[in-house]
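One structure below.
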Amino acid sequence: MLFSSVSLVLAFASLCNAVGPGVVTGNTAVHDPTMCKDKNGKYFIFSTAPGIEIRTSTDRTAWTLAGRVWPSGASWTDTYTGTSNGNLWAPECYYNGAEFLLYYSASSFGSQKSAIFLAKSTTGAPGSFTNLGVVTSSSTSNNYNAIDPNLYIENGNWYLTLGSFWTGIKLMSIAPSTGKPSSTTVTSLAQRSAGGGAVEASTIYKYGSYYYLFTSWDKCCAGTSSTYNIRVGRSSSVGSGYVDKSGVALTSGGGSLVLGSGGSVVGPGGQDIMDDGDGPILIYHYYTSSGNNLGINRLDFSSGWPVVI
């Protein structure tokens, strides 16, 4: 009977796709958050902002704004942002037990003149990062946009997904020794023609025998007029074959809804996923009438597909 009740709850949550964010307090006005946890159990969230904002927490609930990755700006990105000390977008953090790696992107709205950069730090503290330069870039000669990086590592193999609009989400192989591409091969993972081609913010997560590719669809960054929502497909291979619940290929516009607007929560997206002691954690931003906010929820994969709980 308990199993049946739990199954009904999960099915209802999946139908609604509008589970509220978990409780967070403190300074939580973020865009495009990514979360890491260091060896001492301290949580770090890095998010879109000039210089990239850093927030920390000891319990994943109460958050403090600690400062910025680049307190004095990042002049090497100005050619891509088109301004001095412009917004640096959608960072991606990885902590290996000894140091933080931080991927981040620089561009301007509607432009393919974009680049993904890499930095590292042993502490994650503001001003402690070393610039490791450009990872990859795009221009009008490419059919994709080099923003929104996400790192996936498995059995010593490193992969970077990226992309926004144009021809969608791409995958590159990364050399672990440098954190930069090990070949010039670029593989397509997801693409849309509907919604003006609005698909971005890719994240790969493996659960059981499946790889899950999460993306954000539709309109971001417009307050309560945002239509952002989180989608997913899965595959038995990291580099190809992602389909949604209906079997539609993500390269043909497929994508099953994970989390959309509901109640006072508008436009959830810009997501990341992190494993923690209580399982996989979904991190994202959303809007209310008071502004942009940090969302944190657990994910349940017991049905074979992620359900926000």
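Heads up: numbering here begins at 1 and tracks the sequence.
- Looking only at side-chain heavy atoms (C-beta outward), Y104 and P149 stay at 4.5 Å or farther from each other.
- Between the OG atom of S164 and the CH2 atom of W89 there is a distance of 7.5 Å, given to the nearest 0.5 Å.
- Within the structure, every pair that satisfies the salt bridge (Lys or Arg N to Asp or Glu O under 4.0 Å) test and touches residues 177-195, not counting sequence neighbours, is listed here: R192-D218.
- Side-chain contact between L282 and V308 is present, with at least one heavy-atom pair separated by less than 4.5 Å.
- Counting heavy atoms from C-beta outward, T81 and S108 have side chains that stay 4.5 Å or more apart.
- Listed for the R234 side chain is a donor-acceptor partner under 3.5 Å among the backbone atoms of G304.
- Between the side chains of S128 and T123, at least one donor N or O lies within less than 3.5 Å of an accepting N or O.
- In this structure, a donor-acceptor pair under 3.5 Å is absent between the side chains of N145 and Q112.
- The six-membered or imidazole ring of F100 lies near that of Y95, with a centre-to-centre distance under 6.0 Å.
- Not a single donor-acceptor pair under 3.5 Å links the side chain of K219 to the backbone N or O of G195.
- A distance of 10.0 Å separates SG in C36 from CG in N96, rounded to the nearest 0.5 Å.
- Using a distance-only test at 3.5 Å, with no hydrogens or angles considered, a donor-acceptor pair links the side chain of N293 to the main chain of G291.
- Without hydrogens or angle criteria, D59 side chain to A62 main chain gives a donor-acceptor distance under 3.5 Å.
- In this structure the side chain of I273 reaches within 4.5 angstrom of the side chain of L299, judged on heavy atoms.
- S256 places a side-chain N or O within 3.5 Å of a backbone atom of K245 that can act as its donor or acceptor partner.
- By the criterion of side-chain heavy atoms lying less than 4.5 angstrom apart, applied directly or through intervening Ile, Leu, Val, Met, Phe, Trp or Tyr residues, W70 is grouped together with Y80 in one hydrophobic cluster.
- Linking Ile, Leu, Val, Met, Phe, Trp and Tyr whenever their side-chain heavy atoms come within less than 4.5 Å leaves V266 and Y228 in two separate clusters.
- For S139 and S141, the side-chain atoms include at least one donor-acceptor pair closer than 3.5 Å.
- Between the side chains of S121 and E99, no donor N or O sits under 3.5 Å from an acceptor N or O.
- In this structure the side chain of I281 reaches within 4.5 angstrom of the side chain of I296, judged on heavy atoms.
- Residues S107 and S114 share a closest heavy-atom pair of OG-OG, 2.7 Å.
- There is no side-chain donor-acceptor pair under 3.5 Å between S237 and S235.
- Across F129 and A119, no two heavy atoms sit closer than the pair CD2-CB, 4.0 Å.
- Legend: salt bridge (Lys or Arg N to Asp or Glu O under 4.0 Å) pairs involving residues 246-265, not counting sequence neighbours: none detected.
- If you take CG on D32 and OG1 on T48, they are separated by 3.5 Å, rounding to the nearest 0.5 Å.
- Taking the side chain as every heavy atom from C-beta outward, C220 and E200 approach each other to under 4.5 Å.
- Partner of P91 under the side chain to side chain contact (heavy atoms under 4.5 Å, CB included) criterion, chosen from I45, D148, I52: I52.
- Remark: side-chain polar atoms of S226 are paired, donor with acceptor, to backbone N or O of G223 under 3.5 angstrom.
- Through direct or indirect side-chain contacts shorter than 4.5 Å among Ile, Leu, Val, Met, Phe, Trp and Tyr, I174 is connected to Y94, L101, Y103, I116, L118, L132, V135, Y144, L151, I153, W158, L160, L162, M172, V186.
- Taking CG of L213 as the start and CD1 of I204 as the end, the distance is 5.5 Å to the nearest 0.5 Å.
- Here the side chain of D78 pairs a donor or acceptor atom with the backbone of N85 at under 3.5 angstrom.
- Within 6.0 Å of atom OH in Y210, 12 or fewer heavy atoms from other residues, nucleotides or ligands are found, so the atom counts as exposed in its surroundings.
- Hydrophobic cluster membership is shared by I169 and V238, with clusters built from Ile, Leu, Val, Met, Phe, Trp and Tyr side chains linked at under 4.5 angstrom.
- Under a hydrophobic-cluster definition in which Ile, Leu, Val, Met, Phe, Trp and Tyr are linked whenever side-chain heavy atoms come within less than 4.5 Å, directly or via other members, Y211 and M274 are assigned to different clusters.
- For the residue pair G253 and W217, the shortest heavy atom distance occurs at O-CH2, 3.4 Å.
- Closest approach of T28 and V24 over heavy atoms only: CG2-CG2, 3.9 Å.
- Side-chain contact annotation: T161 with K170, donor-acceptor N/O pair under 3.5 Å absent.
- Taking the six-membered ring where the residue is Trp, F214 and F301 present perpendicular rings, their angle passing 60° and hence far from 30°.
- When atom types are taken as modelled, the side chain of T167 and the backbone of N143 share a donor-acceptor pair closer than 3.5 angstrom.
- Annotation: side chain of T25 is not in contact with side chain of W63 (no heavy-atom distance under 4.5 Å).
- Using modelled atom types, one side-chain atom of N297 and one backbone atom of I309 make a donor-acceptor pair closer than 3.5 Å.
- Distance check: L102 CG to T130 OG1 gives 12.0 Å after rounding to the nearest 0.5 Å.
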Original post:
Could you walk me through whether Y207 and W305 pass the ring-ring contact (aromatic ring centres under 6.0 Å, His included) check?
Top reply: CA-CA 9 Å; Y207 190 90; W305 292 92; over 10 Å; no
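- Scanning for salt bridge (charged side-chain N to carboxylate O under 4.0 Å, His left out) contacts around K206 gives E154, with sequence neighbours left out.
- If you look at H31 and Y287, their ring centroids are closer than 6.0 Å.
- Considering only heavy atoms from C-beta on, I54 comes within 4.5 Å of P126 through its side chain.
- Partners of E53 under the salt bridge (charged side-chain N to carboxylate O under 4.0 Å, His left out) rule, at least two apart in sequence or in another chain, are R55, R68.
- Between the S261 side chain and the G267 main chain, a donor and an acceptor come within less than 3.5 Å of each other.
- Side-chain atoms of Y152 and N157 include no donor-acceptor pair closer than 3.5 Å.
- One hydrophobic cluster holds both V30 and M35 under the rule that ILVMFWY side chains link at heavy-atom gaps under 4.5 Å.
- The salt bridge (Lys or Arg N to Asp or Glu O under 4.0 Å) analysis of residues 268-291, with sequence neighbours excluded, yields the pairs K37-D276, R60-D276, R60-D278.
- From N150, atom CG reaches atom OH of Y159 across 13.5 Å, with rounding to the nearest 0.5 Å.
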